[in-house]
Amino acid sequence: MARITLRQAISDALREEMQRDENVFIMGEEVGVWGGTYAVTRGFHDEFGDKRVRDTPISEMVIGGAAAGAAMNGLRPVAEFMTINFAMLALDQIVNHAAKVHYMFGGQMKAPVVYRAPGGGGRQLGATHSHTPDVIFAHFPGLTVVSPGTPYDAKGLLKSAIRSDDPVLFIEHATLYQLRGEVPEEDYTVPIGVSEVKREGSDVTIISYAQGLQVSLEAAEQLAKEGVEAEVVDLRSLRPLDMGPALESFKKTFRAVVVEEGHRGYGIGAEIVARLQEEAFDYIDAPIKRVAQDETPLPYSQELEQMALINPDKVIAAVKEIV
Amino acid sequence: MDKETLLDWYRQMVLIRRFEQRSAELYQQGKIGGFLHLYIGQEAIAVGSIAAKAEGDHVITAYRDHGHAIAVGADLNAVMAELLGKQTGVSMGKGGSMHLADVSRRYWGGYAVVGGHLPLATGIALAEQYRETENAVLCYMGDGATNIGYFHESLNLAGVWQLPVLWIIENNNYGMGTSVDRASAAPILDKAKAYGMNGEQIDGMNVMEVYETTQDCLQKIRDGEGPQFVEMITYRYEGHSMGDPLRYRTKEEVEKWREDDPIGVLERHILDEKAADQEALEAIDGEVEERIEAAVQFAEESPLPEPEALYSGIYVEA
């Protein structure tokens, strides 16, 4: 198996799906001639042409809605938001239109659209360009929200997203684009709505996804040197949320830490902790901890920004409070 | 226009009006819930423009959507059942008055966020252009929608990509209770020009004019002239929705517009042209009455959705 970057994995998934199905096309700001602001679609315009690689004006609302409309009328659009921060401009199209038409019209139509959105902090982009607002989107039934933490999952999940008959928000953490991992040459998919244990351990359960997964795995390696074996569960999909592996692990370790890059308040962690106490109350041996972004806007200054974000040390400290 | 067509339009317009009047009664009896926006006064637009569309063309509109549903030929019983929230409704009781659709007739429905369906219309049109068909999208909106961001992004994108969309503005003079001149900094037609379209303003109370203009616009789209824009001047005789206090206009104004009642305009035309006599029109009124009562009976006797319906159909892939 080749070791490729997460960026390459996403690019390969897109290219292979476009080769497989001519109804798959991509649209967004600078996806064509420029090659994608994160270079994910470099070379696509030459390979597939104007019709299937469509540069749009800077108009997030209509990007969100035109992609949904094209999907309703039989195509398989992959619409890219330059960042998830800008996808918030299209929130109404994503959650109030794409995610609702199937239910609201009694099953008469479907909107099999994929929205790709890079996001996350840690790049000194300041308060408006550094959000991890995953939970906002994950709040709404009707939308599927996935966010991979490895190149393998990125490719397999994106293929599942494109083949899904439901609208999917595919969140890419921009700091993971250079992450390398093994990805097979042959066609494969990773199922949506299936969590996975990424590292086995018996002392504590760390539940995370996306960039938080990598932070958690790094923390787990360091903890192992100190004799603490952490089991790391990767959610991969935020909606539908598969609590199976997390619950199974928690019933074994009786201790858990939830790690997410978004803000602590009303976050993914809040949901996971609630589910653990609802469904495994008798197994709680210690407070379930949350490691998340501080409750501040993200500042430009690198030192200040890093203070607010999650890192392995914060995860290790949280684990040590409960083991 | 031949006699059969004129009488068919008359039949449809009276059907819409009586449907709306009957809906208002059912709303007041508490049998219809939520919001109810009546199409009374605007019937010529849905009927005339939909008559001009080809079979493959698409229709999409806002929340004042009963007239379009009836004009595309959606089953009247199922439309009424939807208003009553029944299992047999066009949207299985999950959509209600604002969310009627009949995708089998390429009617993508009513949408309740002002302007929210305009981006969808561009996408539906994009899919037709992508497949290299001659089909177009008739996208209806009120005058109020021309002030929202969706309008500008959608018209711009349709222009840049030369999408086959006919933007139809149903200018009924008010966005809820705010008149056009209090809400729009420029005449609506000027906004079309900003996005590369000449646009046209016509009398939306005259079904013949609506039909002919729509036909011309659709032909231009099929001839490769890109998206088209038409502002149809009309008036709603009832409030924005049920419960509108109507403080923003005078009775005199409403009465003045009644002289242009679209059904009255067509009726006079039919009688002047001797396409039919008063007796024949009254016979149509009677038929309509029976159809409406049958639809109400069907809706009232239909079952409510099963409790399981709450949880079904959230995703295609369960």
Side-chain angles (χ1 to χ4, degrees), chain A residues 22-23 25 27 50-52 54-77 79 89-90 92-93 96-113 140-144 160 163-167 191-193 239-240, chain B residues 58 60 82 87 89-96 98-104 106-113 115-132 135 137 148-150 152-161 163 305 309 311-317:
Chain A
E22 67 177 35
N23 286 325
F25 72 98
M27 57 182 278
D50 281 338
K51 179 178 164 185
R52 299 185 65 196
R54 308 181 75 95
D55 282 323
T56 66
I58 302 168
S59 306
E60 281 80 12
M61 296 193 296
V62 77
I63 293 170
M72 285 157 57
N73 194 12
L75 300 185
R76 292 270 162 176
L89 284 155
D92 176 58
Q93 284 300 314
N96 224 3
H97 291 85
K100 294 292 186 286
V101 292
H102 180 65
Y103 187 87
M104 187 167 80
F105 292 111
Q108 290 187 70
M109 57 188 93
K110 58 184 184 181
V113 54
F140 296 99
L143 187 65
T144 297
S160 290
R163 295 176 197 183
S164 168
D165 277 338
D166 291 306
I192 287 168
R239 183 176 283 273
Chain B
H58 301 266
I60 190 165
E82 187 62 35
Q87 167 72 37
V90 284
S91 301
M92 296 171 75
K94 288 178 173 176
M98 301 195 288
H99 305 301
L100 306 172
D102 184 348
V103 175
S104 71
R106 301 200 149 200
Y107 176 44
W108 294 94
Y111 292 81
V113 177
H117 63 295
L118 276 59
L120 300 178
T122 65
I124 292 165
L126 171 61
E128 294 300 334
Q129 185 190 60
Y130 194 95
R131 290 189 286 259
E132 296 172 19
N135 302 326
V137 179
I148 202 163
Y150 278 135
H152 299 276
E153 291 196 8
S154 299
L155 266 67
N156 185 59
L157 187 72
V160 171
W161 286 354
L163 298 174
Y311 305 101
S312 68
I314 300 169
Y315 294 93
V316 180
E317 295 174 4

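Residue numbers begin at 1 in each chain, while the letters A, B, ... track the order of the sequences. Atom set for the values below is all heavy atoms of this structure, side chains included, hydrogens, waters and symmetry mates excluded. Note that the structure is predicted; figures quoted are calculated from it, not measured.
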With a 4.5 angstrom heavy-atom cut-off, which part of [X] approaches chain A: side chain, backbone, both or neither?
{"X": "B:Ala121", "result": "neither"}
{"X": "B:Trp161", "result": "side chain"}
{"X": "B:Glu82", "result": "neither"}
{"X": "B:Leu100", "result": "backbone"}
{"X": "B:Gln87", "result": "neither"}
{"X": "B:His152", "result": "neither"}

Can you tell which of [options] has the highest number of heavy-atom pairs within less than 4.5 Å of chain A?
{"options": "B:His58, B:Gln129, B:His117, B:Arg106", "value": "B:His58"}
{"options": "B:Pro119, B:Gly110, B:Ala158", "value": "B:Pro119"}
{"options": "B:Gly313, B:Gly96, B:Pro305", "value": "B:Gly313"}

Query raised in the report: Counting distance only, does the side-chain N/O of A:Asp166 pair as donor-acceptor with the main-chain N or O of B:Val316 below 3.5 Å?
Result: yes
Query - A:Met109 side, atom CE; B:Ile124 side, atom CD1 - distance, nearest 0.5 Å - result: 8.0 Å
Report summary line: Rounded to the nearest 0.5 Å, the CG atom of B:Asp102 sits from the CZ atom of A:Phe105 at a distance of 11.5 Å
**Report entry** Student check: side-chain heavy atoms of A:Met104 and B:Ser91 closer than 4.5 Å
**Finding:** no
Query raised in the report: Between A:Asn23 and B:Arg131, do the side chains contain an N or O donor and an N or O acceptor separated by less than 3.5 Å?
Result: no
Query - Cation over ring face, A:Lys51 and B:Tyr130, 6.0 Å, 45° - result: yes
Requested in this report: With sequence neighbours left out, write down each residue that passes side chain to side chain donor-acceptor pair (under 3.5 Å) with A:Tyr103, or none if nothing qualifies.
Outcome: none
